[in-house]
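The next block holds one structure in the form of structure tokens; read it before the comments.
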Amino acid sequence: MTFTVEPASIRLQAMVGNLLDGQINLNDVARSSAYSGPLLDGITRYQRWQSELTPEQRQQVEDQAHDTYGRDLTAPFEPGDL
């Protein structure tokens, strides 16, 4: 018998699908051991990627995020922002 580990991205895609379908909510995700590992892996990969950006690349990413989402994503979120 061979044991294979499902890639984190597939688990995260499933989680997003379940969230959008209303099958789970963010509280469920926060308490789920099935999602904590993939979420932490994703955060770690993102932080590593972000730390390797030049200041110009970082500004470009921030500008694209602002154009896409219509707000400064580096600013703290307030209740009701989402």
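The structure displayed is predicted, hence computed values, not measured ones. One is the number of the first residue; the rest follow in order along the sequence.
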Inset, instruction - Take Glu62 and His66 through the side chain to side chain contact (heavy atoms under 4.5 Å, CB included) test and state the conclusion after the steps. - result: CA-CA 6 Å; Glu62 289 176 12; His66 185 271; over 6 Å; no

Inset, instruction - Would you check if Trp49 and Thr44 make a side-chain contact, meaning some heavy-atom pair closer than 4.5 Å? - result: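 The answer is no; the side chains never approach within 4.5 Å.
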
Legend entry - Ser36 (side chain) donor-acceptor with Ser33 (main chain) under 3.5 angstrom: yes

Inset, instruction - Say whether, by atom type as modelled, one donor and one acceptor occur between the side chain of Gln57 and the main chain of Thr54 under 3.5 angstrom. - result: yes

Legend entry - Counterpart residues, side chain to side chain donor-acceptor pair (under 3.5 Å), relative to Gln59 (two or more places apart): Asp63

Inset, instruction - Could you state whether Met15 and Leu26 fall into the same hydrophobic cluster, counting links through intermediate Ile, Leu, Val, Met, Phe, Trp or Tyr residues with side-chain heavy atoms under 4.5 angstrom apart? - result: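 As far as the 4.5 Å side-chain criterion goes, Leu26 and Met15 are connected within one cluster.
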
Inset, instruction - Could you tell me the separation between the CD atom of Gln50 and the CD atom of Glu52, rounded to the nearest 0.5 Å? - result: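 It is 11.0 Å, given to the nearest 0.5 Å.
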
Extract all donor-acceptor atom pairs below 3.5 Å that involve side chains of residues 17-25 and protein atoms in other chains or at least two apart in sequence.
residue : atom : partner : partner atom : Å
Asn18   : ND2  : Ala14   : O            : 3.3
Asn18   : ND2  : Tyr35   : OH           : 3.3
Asn25   : OD1  : Asn27   : N            : 2.9
Asn25   : OD1  : Asp28   : N            : 2.9

Inset, instruction - Test side chain to side chain contact (heavy atoms under 4.5 Å, CB included) on Tyr46 and Asp41 and set out the steps. - result: CA-CA 9 Å; Tyr46 174 79; Asp41 290 346; over 6 Å; no

